[in-house]
Amino acid sequence: MSVLSHVGAPVGGPKDTVREPVAGQRRRRLLPYLLLLPGALWLALFFAVPAVQLAATSLYDPAGSLDLGYAMTWAFGNYPDALAAYWPQFARSFAYAGIATVLAVLLGYPLAYAIAQKAGRWKNLMLVCVVAPMFTSFLLRTLAWKTILSDNGWLVGLLRDLHLLAPDGRLLATPAAVVLGLTYNFLPFMVLPLYANLERLDYRLLEAASDLYASPVRVFRRVTLPLSMPGLVAGTLLFFIPASGDYINAELLGTPNEYMIGNVIDSAFLVRLDYPQAAALSFLFMAVILAIVFVYVRRAGTDEVV
Amino acid sequence: MRFGRWIAERWVLALALLVLGYLFLPIAVVAALSFNRPSNRLSYDFNEFTLDNWRNPCGPGDMCSSLLLSVQIGLLATLVATLLGTLMAFAMVRHRFRGRAATNLLIFLPMATPEVVMGSSLLALFVAAGMPLGFWTVVIAHVMFCVSFVVVTVKARLAGLDARLEEAAMDLYASEWQTFRRVTFPLVFPGILAAALLSFSLSFDDFIITNFNAGSSTVTFPMYVWGAAQRGIPPQVNVIGTAMFVIALLLVLGGSVRRRRGVAA
Amino acid sequence: MANNGPAGDLRLANVTKRFGIFTAVDDLSLTIPQGSFFALLGASGCGKTTTLRMVAGLEQPTSGQILLGGAEISRLRPYKRPVNTVFQSYALFPHLDIFENVAFGLRRRRVKEIAGQVERMLSLVQLEGYGKRRPNQLSGGQQQRVALARALINHPQVLLLDEPLGALDLKLRRQMQIELKRIQTEVGITFVHVTHDQEEAMTMADTVAVMNAGRIEQLGAPAEIYEFPATAFVANFLGQSNLLAGTVTGTSGADLLIEAYGSRFSVPVERARVRQGDVHLGVRPEKLFLAPAGDPLPAGHQGVNGVVTDSSYVGVSTQYLVRTAWGAELAVFAPNTGIGGQVPIGTPVTAHWHPAHAFVLPREAGAGDRTAPILPDAVAAAS
């Protein structure tokens, strides 16, 4: 019943009436493929093919090199080798990203809720304020955190004066700094889907619920939270995926002791040029992420991610 | 109980403002540093107020050319990604066809794949194909990761479009093409515009994928910042960061004022 | 193409529409005379909107023909048909102002001198000066009138109205019904009006077609259908009827004799849709009168004994339920004329009627009474 589905169907006087539906139907059947073709081809060629090739590269002979060339030896051993060498970075990636996700929910949910339900005429302005920091370069913002957290910065001084930090305690170059950076940088990805969901929440439902459950805490647990699950699922995924793969925060705010899997993959590809191992790490990482995504989406019982 | 609710409402709003403060803290630092005359190249501390950086933003050699390059790549990638993604969104919302589930997966996967993985695997492809790294490989990569976001954004707008509006147009003597031009497109346009803006900001700010696929001679603005971070950041970088922030803020606010005046539906 | 009728008639010939295995419109044949106000009445899902959409060209019939003034139009694209539609919830273009909404059809046909026509049309629907506003700045009733103006300005041969008043509140709806009727008389265009509101259909249309399950159950003038429905469905969709299950036992002069629950009733033969076998004996609630049990009935009347089980006072009338000995509940509407008082619940009564007000409908073997009162609320919920 769509408009586009009819584009190009020949139309004319009664003479066309016999021929028209047949030709129209054939074009109608072809049209979606024509519309999809360029984009799908692009994604297939520059996303799917490289992914397959990545899987293949991960099974190359690890003894090869970029200069000598690689041989396909179905070296499944690359996987256990890579995992044995870099499991701490793997574990750290998921731990840091996991903690940051929890923090982002704690910070992002009230913000999204306040914008959606409490902000009134300030709604648009607050929404802009969530998005606007993204336009200042990601790297610059992270470097700014480096300034804020630096040893002779005001924050460290303040915390030391309050005895919240030992006199020689630091913020920069600690796991806390990396987690804080991750939380900060990807927070909008948490807030926006949550906001989109909470905005559609019918305020009358909440009033009806407070009529039934009385306590605001119970209203939140029984009504608001369950209804916002699709937004929460989308938000946590959109947050967790880039956070776990990020290496900028670990690089700028941490030390090699805080390196995540992204740092390892980056250096394996660009510094050490160990392609089979880098590919094995990448593929393993992608597989784990996808597994997490699918299990999580299934568990949360929502398909509204895409 | 009334008191409890009063506290609950203010409490949420207050917390929200604190979080917004957290979001703006580094921006404030960037803005402050744009007026700083650093004591030495590696220092990030505020030393002395100056307007020099704003008077001469293109001072440090390659910075403005990297900025220009980022804008070029961003515009080109946005154009292509918006076009491809919009077509796909129309196909997905308006048509039934075989292979729908597979297409959905193909659109979803790039959003669920970490950037390091996409960047590195694409690099492996370019290397294997013998394609020289540079401007075009970066554009290809940027289009690839922007397309999915365009599809999702335009799809949402298109799905919310009342099909009866198009039927009404056809009923009122608009041919298929006129219906598209006079009704469908103007109504979907805000979604396409939002998708284009999103694409541009994703492309402009991307470092990880770009770093894999740019080679050594193509330096985008984020790559310039990254390189400079190792050597000592020229304060003009903060001028650019602040200016980008202000421009974006004005653009978005201007757009919402226009909308409130009732220009868009 | 000999029997295509006069110049402007809209004719549907054996039109069928299937969606997969679901038959929405089932072998429908129908002629709508030029210049008439025609209502398609039915519950949701009965196929009335699908019929309308096929005339508009928004759906293709699976089989059959649609002819307008003798020309086959069923394969024409919507914009090639001299037919316009007022959509349910109006479908006004939100990105265009009222002027451009109304001018849309003229612009597409590259008509000159648009401004004057649009102004005239806006004044016809009493919206002068609203041209610069946007649809979302108008009330529901105003939007409805814009939708009407947007369609009428094209001078279509047929104007299709798809539940055009459904979104309006009751008072505005009544007002718009009168307005629509006035405009139709003024412009003389054929109106085909789809609705589930029987009162709306009856007040506005010259001819009403009651649709059920993709077929037309009955077609005729509103009074004709109401006074002598053709099927049990029509008897209870258009207004409300008490239908008693009975069997024809014979004739006596000009009367058909019917036995139901051990009692004998008679109905004039011309008031019977069937003359033998299983039948429903029908009487409208307002044609039933209540008399104290045992009192003599007026001359010629016949009645059923029962007990009043419920009464609701609705202003112009009081609606009673009378439970018969075999458990059927008859609805009786007594006008509040001020003569005679209310009948208390629990009173034994005789519900009686004049045989000329009764009617006889075919009944499927085994089907029982159809007397469960359909309250106005239930009608609204079902539609």
Side-chain angles (χ1 to χ4, degrees), chain A residues 1-7 32-33 35-36 38-40 42-43 46-51 53-54 57 107 110-111 113-114 118 124 128-129 132-141 143-148 150 187 216 241-242 244-245 248 262 265-266 269 278 282 285-286 289-290 293 306, chain B residues 5 8-9 12-13 15-16 19-20 23 25-27 29-30 44 84-85 87-88 90-91 94-95 97 103-104 106 108 110 112-117 120-125 128 140 143-144 147 152 163 166 176-177 179-180 184 201 205 207 222 225-226 229 241 244-245 248-249 252-253 256:
Chain A
M1 304 315 109
S2 90
V3 168
L4 273 182
S5 61
H6 302 302
V7 167
Y33 296 107
L35 292 173
L36 282 176
W42 200 288
L43 288 179
F46 301 117
F47 175 78
V49 169
Q53 204 197 324
L54 183 75
T57 309
L107 295 176
L111 179 57
Y113 184 82
K118 307 272 180 205
N124 277 343
V128 170
C129 288
M134 294 217 279
F135 287 88
T136 304
S137 172
F138 176 85
L139 288 169
L140 276 180
R141 282 178 288 146
L143 286 169
W145 275 112
K146 197 169 173 172
T147 308
I148 297 167
S150 71
L187 193 56
I241 293 163
S244 59
I248 309 291
I265 294 174
D266 178 61
F269 266 111
S282 287
F285 183 44
M286 180 160 120
I289 289 280
L290 286 181
V293 169
V306 186
Chain B
R5 190 179 295 168
E9 283 181 23
V12 172
L13 213 52
L15 189 56
V19 177
L20 277 184
L23 280 172
L25 189 59
I27 313 296
V29 171
V30 171
Y44 292 107
L84 299 187
L87 293 180
M88 284 183 100
F90 267 94
R94 290 309 172 80
H95 295 275
F97 54 89
T103 315
N104 246 328
L106 190 65
F108 171 69
T113 306
E115 284 190 78
V116 245
V117 177
S120 58
S121 60
L122 197 52
L123 169 68
L125 176 84
I140 286 173
V143 171
M144 183 268 289
V147 162
V152 173
E166 296 174 338
E176 283 84 358
W177 167 246
T179 300
F180 177 77
T184 316
S201 71
D205 202 23
F207 172 72
V225 175
W226 179 257
M244 284 297 296
F245 173 75
L249 206 61
V252 180
L253 282 179
S256 72

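A, B, ... follow the sequence lines: proteins, then strands. Residue 1 opens every chain.
- W145(A) and P26(B) make their closest contact through NE1-CG, 3.2 Å (heavy atoms, listed as atom of the first residue, atom of the second, distance).
- Scanning both residues, A48(A) and L106(B), for their nearest heavy atoms gives CB-CD1, 4.2 Å.
- A distance of 11.0 Å separates CG in L54(A) from CG in L125(B), rounded to the nearest 0.5 Å.
- Contacts of L107(A) with chain B are made by both backbone and side-chain atoms, with heavy-atom separations under 4.5 Å.
- Between A91(B) and L35(A), the shortest heavy-atom distance links the atoms CB-CB, 3.8 Å.
- With rounding to the nearest 0.5 Å, the separation of CZ in F269(A) from OG in S121(B) is 7.5 Å.
- Contacts between L36(A) and chain B at a heavy-atom distance below 4.5 Å involve backbone atoms as well as side-chain atoms.
- Using a 4.5 Å cut-off between heavy atoms, P110(A) contacts chain B through both its backbone and its side chain.
- Using a 4.5 Å cut-off between heavy atoms, F97(B) touches chain A through backbone and side chain atoms alike.
- When every heavy atom of L139(A) is checked against every heavy atom of P222(B), the shortest pair comes out as CD1-O, 2.8 Å.
- With chain B as the partner, the residue from G245(A), P50(A), G262(A), A144(A) showing the most heavy-atom pairs under 4.5 Å is P50(A).
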For F108(B) and V293(A), run side chain to side chain contact (heavy atoms under 4.5 Å, CB included): C-alpha distance rounded to whole Å, both residues' side-chain angles, the deciding distance at 0.1 Å, then the answer.
CA-CA 11 Å; F108(B) 171 69; V293(A) 169; 3.7 Å; yes
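- Of the residues considered (V225(B), V116(B), L123(B)), V116(B) shows the highest number of contacts with chain A, using heavy-atom pairs under 4.5 Å.
- Looking at heavy atoms from C-beta onward, I248(A) lies in side-chain contact with W226(B) at the 4.5 angstrom threshold.
- Contacts of L122(B) with chain A are made by both backbone and side-chain atoms, with heavy-atom separations under 4.5 Å.
- Between chain B and the residues S244(A), A114(A), A51(A), the most heavy-atom pairs under 4.5 angstrom are made by A114(A).
- For the set V49(A), L187(A), T57(A), the entry with the most heavy-atom pairs within less than 4.5 Å of chain B is L187(A).
- The distance from atom OG1 of T113(B) to atom CD1 of I289(A), rounded to the nearest 0.5 Å, is 9.0 Å.
- With chain A as the partner, the residue from V19(B), L23(B), I27(B) showing the most heavy-atom pairs under 4.5 Å is L23(B).
- For the residue pair P114(B) and I241(A), the shortest heavy atom distance occurs at N-CG2, 4.1 Å.
- Heavy atoms closer than 4.5 Å to chain B are found in the side chain of F285(A), but not in its backbone.
- Ranked by non-hydrogen atom pairs under 4.5 Å with chain B, the options R141(A), Q53(A), M286(A) are led by Q53(A).
- Between V117(B) and S282(A), the shortest heavy-atom contact is CG2-O, 3.6 Å.
- Interatomic distance, CZ of F46(A) versus CD1 of I140(B), reported as 4.0 Å (0.5 Å rounding).
- When each of L249(B), V147(B), L25(B), T103(B) is scored by its heavy-atom pairs under 4.5 Å with chain A, the top score falls to L25(B).
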